[in-house]
Amino acid sequence: MAGREIDQALAGVLASIDGSTAQALRSASLLGAAAAMRATRRLPVHRADRPTYEQAVAATRAALSEQAFEAAFAEGRAMTQEAAVTLAL
């Protein structure tokens, strides 16, 4: 996946998050997975997607403790691309 495709797919998944803790943990993991995929490809968040991305990060952080967010984000960064796609579905 290219960087823009990663961000667009992530935005679609994050739009469906209902605010529950389980969904916020899933969101944080997916944010971490997307960050890892972009880092591997040395791609930043596309400027057109940045507002949506920042809103998703802020909403996810607000729904979790800092420790829970960081742990789920790290878990996502360690996922394979296949595991991230499975989690997103």
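In this text the structure is predicted, and so the values were computed from the model without any measurement. The figures here come from the full heavy-atom set of this structure, side chains too, leaving out hydrogens, waters and symmetry mates.
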Could you report the tightest heavy-atom contact between [X] and [Y], atom names first, then the distance?
| X | Y | value |
| --- | --- | --- |
| Ala39 | Arg77 | CB-NH2, 4.3 Å |
| Ser29 | Met79 | CB-CE, 4.1 Å |
| Arg26 | Ala88 | NH2-O, 2.6 Å |

Main-chain N/O of Ala24 paired with Thr60 side-chain donor or acceptor, under 3.5 Å: no

N/O donor-acceptor pair under 3.5 Å between Arg41 side chain and Met37 backbone: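 Side chain of Arg41 to backbone of Met37, a donor-acceptor pair under 3.5 Å: yes, one is there.
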
When rounded to the nearest 0.5 angstrom, what is the spacing between [atom1] in [X] and [atom2] in [Y]?
| X | Y | atom1 | atom2 | result |
| --- | --- | --- | --- | --- |
| Leu87 | Glu82 | CG | CD | 13.5 Å |
| Gln81 | Thr40 | CD | OG1 | 9.0 Å |
| Phe73 | Leu30 | CZ | CG | 11.0 Å |

Lys NZ or Arg CZ of Arg47 over Tyr53 ring: under 6.0 Å, within 45°: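 Output no; distance or angle outside limits.
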
Expected list for residues 62-70: side-chain donor-acceptor pairs under 3.5 angstrom, two or more places apart:
| unit_1 | atom_1 | unit_2 | atom_2 | d |
| --- | --- | --- | --- | --- |
| Ser65 | OG | Ala68 | N | 3.0 |
| Glu66 | OE1 | Arg61 | NH1 | 3.0 |
| Glu66 | OE2 | Arg61 | NH1 | 2.8 |
| Glu70 | OE2 | Arg61 | NH2 | 3.4 |

